Amino acid sequence: MKSFVIADSRKCIGCGACEIACASANSKLLIPEAARLRAAFKPRLNLIFTPEVTMPIQCRQCEDAPCAKACPAEGIVFLDGVVHIQKENCIGCKMCILACPVGAVNILPIDTNLQDSEEGTDLPEFYAQKCELCNDRNEGPACVNICPAGAFTLIDETSLTKTVKSKREKVLRSMTT
């Protein structure tokens, strides 16, 4: 089973710390340098505000990954248990956006302020981006670590098994009382 991050809308206070931590964790630049270069702010999660609820939306690392199936350029692949976007293969066609069941994929322009530092010169004008669980960070997903309200949970096989077992026991107890 692939791990994924989920947020509890009852705990989310809409502070935006998750977006800042995400953008920072996935940038090669430190925040002051990014500001000096006027680099684009690119979090890989989307904090959604409605009158009723505030909720971060991010990739669920789907087992069947509709975004990967829809990609005609093999720009979305599975690497180390994570649905990963290979920017160099992305053609910016937006099929992944249409296929994603939770709206977790964004299409972004290549940041012209950073173009010299981007790897390779044949990158598309636009590319797909989504949460990849900060898989290159030893500390794990930045959003989970930074949230002051504790709204984020990293779901892995162990935690999912515990949750299912707990629910089954709860159902059993309700049936016997």
Side-chain angles (χ1 to χ4, degrees), residues 1-63 65 67-68 75-87 90 96-97 100-114 117-119 126-164 166:
M1 185 200 79
K2 292 175 189 58
S3 297
F4 62 97
V5 172
I6 193 161
D8 184 340
S9 63
R10 296 167 298 182
K11 292 181 179 179
C12 179
I13 60 175
C15 67
C18 55
E19 288 182 310
I20 294 167
C22 178
S24 178
N26 289 291
S27 175
K28 295 176 182 170
L29 303 173
L30 297 174
I31 292 174
E33 185 181 7
R36 183 181 60 74
L37 293 172
R38 300 194 185 285
F41 181 73
K42 301 177 188 177
R44 294 182 180 198
L45 62 83
N46 302 289
L47 190 56
I48 306 300
F49 297 90
T50 70
E52 299 82 27
V53 67
T54 301
M55 179 79 172
I57 304 295
Q58 61 206 110
C59 181
R60 294 289 188 266
Q61 308 298 327
C62 300
E63 294 294 328
C67 60
I76 304 176
V77 298
F78 295 100
L79 293 173
D80 300 324
V82 176
V83 179
H84 179 75
I85 294 179
Q86 294 182 313
K87 192 191 299 190
C90 180
C96 51
I97 289 177
C100 179
V102 296
V105 181
N106 297 308
I107 295 290
L108 301 172
I110 292 292
D111 193 337
T112 55
N113 291 325
L114 301 176
S117 64
E118 291 282 355
E119 295 172 14
F126 292 89
Y127 67 97
Q129 176 179 274
K130 60 169 224 45
C131 173
E132 295 179 357
L133 297 176
C134 295
N135 62 341
D136 54 346
R137 279 177 39 111
N138 293 332
E139 307 89 350
C143 57
V144 174
N145 299 130
I146 198 72
C147 182
F152 289 88
T153 304
L154 176 62
I155 305 293
D156 59 12
E157 191 168 1
T158 303
S159 63
L160 192 60
T161 301
K162 266 197 238 180
T163 300
V164 169
S166 172

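Computed from a prediction, not measured in an experiment: that's the story for all the values here. Residue numbers start at 1 and run along the sequence shown.
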Decide if atom CD1 of Ile146 counts as having more than 12 heavy atoms of other residues, nucleotides or ligands within a radius under 6.0 Å.
no

So Ile6 and Arg60, side chain to side chain contact (heavy atoms under 4.5 Å, CB included) or not? Walk me through it.
CA-CA 8 Å; Ile6 193 161; Arg60 294 289 188 266; 3.9 Å; yes

So does Cys131 get a backbone contact from the side chain of Gln61, meaning a donor-acceptor N/O pair under 3.5 Å?
yes

Does Lys162 offer a backbone N or O that forms a donor-acceptor pair with the side chain of Ser166 under 3.5 Å?
no

Drop me the distance from Ile85's CD1 to Leu79's CG, to the nearest 0.5 angstrom.
11.5 Å

Check whether any side-chain heavy atom of Glu19 lies under 4.5 Å from a side-chain heavy atom of Leu45, and answer yes or no.
yes

Rounded to the nearest 0.5 Å, what separates atom NZ in Lys11 from atom OG1 in Thr153?
6.0 Å

With the side chain counted from C-beta on, respond yes when Cys22 and Arg44 share a heavy-atom pair under 4.5 Å apart, and no when they do not.
yes

Can you find a heavy atom in the side chain of Leu47 that is under 4.5 Å from one in the side chain of Cys12?
yes

Kindly compute the distance separating NZ (Lys130) from CD1 (Ile107), expressed to the nearest 0.5 Å.
12.5 Å

Quick one: closest heavy-atom pair of Ala23 and Phe41, and the distance?
CB-CE1, 3.6 Å

Heavy-atom side-chain contact between Glu139 and Val144 under 4.5 Å:
no

Can you tell if the side chain of Phe152 reaches within under 4.5 Å of the side chain of Pro141, non-hydrogen atoms only?
no

Please find the pair of heavy atoms, one from Ser3 and one from Leu154, that lie closest to each other, and give the distance.
CB-CD1, 4.2 Å

Between the CG atom in Leu108 and the NZ atom in Lys42, the distance rounded to the nearest 0.5 Å is 6.0 Å

Which atom names give the shortest non-hydrogen contact between Cys96 and Ile76, and what distance separates them?
CB-CD1, 3.6 Å

Would you find a donor on one side and an acceptor on the other, under 3.5 Å apart, between the side chain of Ser159 and the backbone of Asp156?
yes

For Ile13 versus Pro148, what's the shortest heavy-atom pair and its separation?
CD1-CG, 4.2 Å

Indicate yes or no: at least one non-hydrogen side-chain atom of Cys134 is less than 4.5 angstrom from one of Asn26.
yes

Between Arg137 and Ala25, what is the shortest heavy-atom contact and its length?
CD-CB, 3.7 Å

Can you name the closest pair of heavy atoms from Asn106 and Pro43 and give their distance?
ND2-O, 4.2 Å

How far does CD of Glu63 sit from CZ of Phe78, to the nearest 0.5 angstrom?
7.5 Å

What is the distance from atom OG of Ser9 to atom CD of Glu52, rounded to the nearest 0.5 Å?
11.0 Å

Side chains of Val83 and Cys62: does their closest heavy-atom pair fall under 4.5 Å?
no

Enclosure of Asp136 CG (heavy-atom neighbours >12, cutoff 6.0 Å):
yes

